[in-house]
Amino acid sequence: MPDSNNPLLDFSSLPRFEGIKPEHIEVGLDQVLAQNRAQIEKVASSGQTATWESFIQPLEDTDEKLDRFWSPVSHLHAVMDSDAMRKAYEACLPKLSDYSTEVSQDKRLFDGYQAVANSDEFTELSQAQKKIIENALRDFRLSGVDLEPEAKQRFKEISQELTQLTNKFEQNILDATNAWSMHVTDEKKLVGLPESALAVARQTAEQEELPGWKFTLHAPSFIPFMTYADNVQARREFYEAYTTRASDQGPHAWQWDNSDLMLQILRLRKEEAALIGFENYAEYSMATKMARDAAQAEEFLLELIPKSKPAAEKEIAELRTFAKEKFSVENLESWDLAYYSEKLRQQRYDFTQEDVRPYFPVDKVLRGMFEVVGRLFGISVQAADNVQQWHKDVQFFDIKDESSALRGQFYVDLYARPHKRGGAWMADCISRKRISDGKVQTPVAFLTCNFTPPVGDKPALLTHDEVTTLFHEFGHGLHHMLTRIDYVSVAGISGVAWDAVELPSQFLENWCWEREALDIISGHVDTGEPLPDELLTKMRAAKNFQAAMQMVRQLEFSIFDLRLHSGFDADDDMSIQQLLDSVRDEVAVVKPPAFNRFQHSFSHIFAGGYAAGYYSYKWAEVLSADAFSKFEEDGIFNADTGRSFLGNILEKGGSQEPMELFVAFRGREPTVDALLRHSGLAAA
Ligand code: ZN
C-alpha cells in the first residue's frame with residue numbers, strides 16, 4: 001500500500017524537500033522496489049508477444065520511478081549529510097545493488113527486448129527507441145545474461161567480490177590519509193604559507209586542543225603546503241607521506257597496503273571480461289564507449305606524445321634553470337616542483353586570483369551566463385518562486401525557449417558549508433519523458449558548487465576558476481535539460497558514452513576566456529567595470545603555463561591504465577611498478593623517486609568508474625575543443641552555429657552514437673588540432 005505520508009513517494013511534481021526525513025528513505029525504497037518487482041513479473045513472461053508499449057515502456061517506467069525516488073535521496077546525502085542520513089543511505093546500497101544484478105541478469109527480460117528487436121514493429125520505432133533496445137541488449141550481455149548457469153553464477157560472484165575489494169581499496173586510502181599528519185609548534189617551519197592555509201591548520205590543531213598548527217594529507221592542507229612552504233625538509237616529508245599512502249613504502253608501510261588488492265582486482269576484471277567473451281578488461285570496457293576499441297584509444301594517446309613531450313621537456317628545463325639561477329637549487333626534486341612552479345608563475349605573469357575576484361560578483365556572473373547561453377541557444381532563464389528547498393541559499397530557475405515553452409528547471413546550490421560534499425557537479429533530478437496524454441515531463445537538474453560564501457553584506461566574489469566551473473556544470477545541465485528525447489534511458493546525459501559525456505561541459509567553459517562574453521559576465525563589485533584587457537591578457541598568457549607537462553602527466557596515467565587492463569598479466573613476472581616505470585620511460589619528463597607509490601591511491605581506475613577509461617578526459621577534450629573551434633571560425637555568438645550545436649548535440653542526448661552527432665554538427669570527424677592549439681602546442 002503506498003504511504004501517502006512519505007514525501008519521497010509523491011511523484012506528482014518537484015521533490016518535497018521540506019518534508020523529507022531520513023526515516024522515509026529505507027521504507028520508501030522497499031516500497032518502490034516491491035512495486036517494481038511486481039511490475040517486472042507482470043511483463044516478464046511476454047516472450048514473443050512483447051511490444052514497445054506492453055513490455056519496454058513499462059520497464060522504462062520502473063527504471064524511471066527508481067531514479068526519481070533515489071535522486072533527491074542521493075542529493076540530500078551529498079549536500080545535507082548527517083549521521084541519520086548516512087545510515088539510511090548506506091542501508092539502501094546493498095538493496096539497490098541486489099536489485100540491479102537481478103534485473104540485468106533476467107533472461108526473460110532479455111528475451112523480451114530481443115523479441116521486439118526481431119519484430120516487424122522494430123522498423124517503425126524512432127531512432128531513440130531503437131537505441132534503447134540496442135543498449136539494453138548490449139548491457140544484458142555485458143552483465144552475463146546469456147551465460148550457462150555456472151558461468152552466470154561465477155559472474156555474479158565476481159561482481160560482488162569486486163564491489164568489496166574496490167571498496168576496501170578506497171577504505172585503505174582513506175585510513176592511510178587520515179593516519180598521517182604534521183603537527184608544528186615552531187612558526188619558523190611555516191614560512192611562505194599564506195594566511196588562509198595557516199588558518200585552516202590552526203583550526204585543525206585547536207579542534208584537538210593542540211597548540212600551534214596541524215597539517216594533514218587532505219587536499220586543502222596538502223596542496224598549499226607543497227605549493228608555498230619554504231621548508232624543503234618538511235615538503236619532502238609531506239610528499240613522501242602522500243605518495244606512499246596505502247602501500248609498502250613510507251611512514252605507514254604495509255599498514256594499509258593495497259598491493260595485493262590491486263592484483264586481485266585486475267585478475268577478477270580479466271576473468272569477468274573473459275566470461276563475457278572479451279580478450280581483456282579494456283576490450284570489455286570499450287564495448288560501451290565511443291572509442292572503437294582499446295587499440296584506437298591507445299593510438300590516440302600515443303599520437304599525442306610527440307606533440308606534447310618536446311614542449312614538456314622545454315617547460316621542465318625552464319623550471320630547472322629558474323630554480324638554479326634564482327634559488328641556487330642544483331637538483332630539482334619531486335617535492336620542489338609545485339613550489340618553484342608557483343614562484344615562476346608569479347614572476348612571469350604578475351597577478352593572483354585575488355586580483356581577479358572583484359570583477360566576478362556572483363549575481364553578475366549568473367545573469368551573464370544566462371545571457372550567454374540565451375544568445376547561443378535562443379533560451380531565456382528566469383528565477384522561479386515557491387519551490388521547496390533544502391537550504392536557504394538554494395536558488396531555482398526556469399528555462400524557456402523561443403516559443404516560450406518550458407524546457408527545463410534547475411536548482412543552484414553555490415556555496416561551501418559543513419556537511420556538504422566538496423567539488424562541483426550536475427545531477428539529474430527529473431528526466432524528460434513522454435507522458436501518456438501527449439505531454440512531456442519537464443527535466444529538472446541539480447547544480448552544486450562549493451564556492452566561498454559571501455562575507456557580511458558583500459556579495460560572493462568568484463575566482464576565474466570558479467566561474468569556469470560554473471560554466472562547466474551548466475554545460476552538463478543544459479545537456480540534461482534541453483534534450484528533446486522523450487524516453488528516459490537516452491534523454492539528456494542518459495545513455496551517453498562515458499568518453500563523450502564531457503563534451504557539452506568542457507565546451508561551454510570556452511566562453512569564460514572570450515572578451516565578448518567577459519563583457520557580459522564580469523563587472524567590478526564597486527565600479528561595474530568589466531574585466532580589464534590588461535588583466536585578461538595576463539590570465540590568457542598564464543592559462544597554458546606548464547600545459548605540456550600537465551598533458552604528458554595525463555597521458556602517463558591514461559596509457560598506464562589501458563595497458564594495465566589489456567596486455568598486463570597479474571600473474572606474470574612484471575610487477576605493476578615495472579609496468580608504470582616502462583610507461584614513464586616513454587612519456588614522462590619527470591621521474592618520481594623510487595619510493596613513490598602513486599598507483600596505490602589511483603582510485604579512479606581501481607575503485608571508480610574509470611578502469612580502462614581514464615583516457616576519456618583527453619578524448620572528450622578533443623571533442624569539446626574541436627566543437628568550439630567551429631565558433632572560432634563562425635563567431636562565438638553566431639546564432640546559427642549555436643542552434644546547430646543545440647539541435648545536433650544537446651537535444652539529441654544519448655539517442656545516437658556520439659560520433660554521428662559530432663559529425664552532424666562539425667561536418668567532419670574530430671581532429672586534435674584545436675586541442676593542441678588551445679593548449680599552446682600547435683605546430684610544436
Ligand atoms: Zn564534467
Side-chain angles (χ1 to χ4, degrees), residues 192-194 196-197 219 223-224 226-228 307-323 325-327 332 336-360 365 368 424 451-452 461-472 506-519 521-524 529-554 589-590 617-618 621 624-625 628-629 632 636 674-684:
L193 283 166
S196 58
I223 293 171
M226 296 308 293
T227 312
Y228 298 107
K307 294 183 163 124
S308 53
K309 198 176 172 186
E313 273 161 349
K314 215 174 126 210
E315 287 170 1
I316 188 72
E318 275 169 7
L319 186 63
R320 288 204 174 99
T321 308
F322 171 78
E325 285 176 359
K326 291 265 172 184
F327 300 92
L332 198 65
D336 297 327
L337 290 174
Y339 178 79
Y340 289 107
S341 292
E342 175 59 19
K343 293 246 178 300
L344 177 59
R345 198 196 66 80
Q346 277 181 17
Q347 180 195 288
R348 195 176 284 177
Y349 305 107
D350 182 35
F351 78 96
T352 70
Q353 288 282 3
E354 299 310 306
D355 302 329
V356 178
R357 265 185 204 274
Y359 294 96
F360 293 111
V365 176
F451 300 155
T452 311
L461 303 175
L462 305 185
T463 64
H464 189 254
D465 280 350
E466 288 172 334
V467 174
T468 312
T469 299
L470 188 63
F471 272 69
H472 180 103
Q506 294 180 348
F507 164 81
L508 206 61
E509 289 179 23
N510 288 290
W511 274 264
C512 302
W513 295 95
E514 295 292 327
R515 179 74 267 170
E516 224 182 317
L518 284 163
D519 286 339
I521 60 173
S522 69
H524 193 281
E529 178 208 356
L531 188 79
D533 279 333
E534 194 200 356
L535 196 47
L536 177 59
T537 306
K538 289 179 186 175
M539 286 161 62
R540 279 203 181 135
K543 184 185 178 201
N544 288 329
F545 178 61
Q546 296 185 341
M549 276 168 68
Q550 281 170 33
M551 184 169 312
V552 293
R553 215 169 133 74
Q554 291 296 105
V589 297
V590 179
Y617 285 112
K618 271 281 159 273
E621 235 179 296
S624 61
F628 181 67
S629 72
E632 292 177 308
I636 64 151
L675 173 64
L676 293 175
R677 184 164 48 79
H678 293 165
S679 314
L681 299 171

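Values below: every heavy atom of this structure, side chains too, minus hydrogens, waters and symmetry copies. Residue numbers start at 1 and run along the sequence shown. If you're wondering where the values come from, they're calculated on a predicted model, not measured in any experiment.
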- Item | Nearest non-hydrogen partners of Gly680 and Asn544, listed with the distance | N-ND2, 3.5 Å
- Closest non-hydrogen atoms of His464 and Cys512, given as atom of the first, atom of the second and distance, are NE2-O, 2.9 Å
- Query: Shortest non-hydrogen contact from Leu518 to Phe360?
  - Reply: CD2-CZ, 3.8 Å
- Query: Is there a donor-acceptor pair closer than 3.5 Å between any side-chain N or O of Lys538 and the backbone N or O of Asp350?
  - Reply: yes
- Those residues that, when tested against Gln550, pass side-chain contact (heavy atoms from CB on, under 4.5 Å) (two or more places apart): none
- 4.5 Å side-chain heavy-atom contact, Glu621 and His678: no
- In terms of the angle between their ring planes, are Tyr359 and His524 parallel, tilted or perpendicular, with boundaries placed at 30° and 60°? perpendicular
- Task: Inspect the surroundings of NZ in Lys314 and state if more than 12 heavy atoms from other residues, nucleotides or ligands are less than 6.0 Å away.
- Result: no
- Message: Looking at Glu514 and Ile636, would you say the former's side chain and the latter's main chain have a donor-acceptor pair under 3.5 Å?
- Response: no
- Item | Cation-pi geometry met for Arg345 and Phe351 (6.0 Å, 45°) | yes
- Item | Heavy-atom closest pair, residues Pro530 and Asp519 | CB-OD1, 3.9 Å
- What's the shortest heavy-atom distance between Ala312 and Ala548, and which atoms? N-CB, 3.4 Å
- List the atom of Ser341, the atom of Leu337, and the distance in Å for their closest heavy-atom pair. OG-O, 2.7 Å
- Value for NZ (Lys618) from CG (Leu675), rounded to nearest 0.5 Å, stands at 6.0 Å
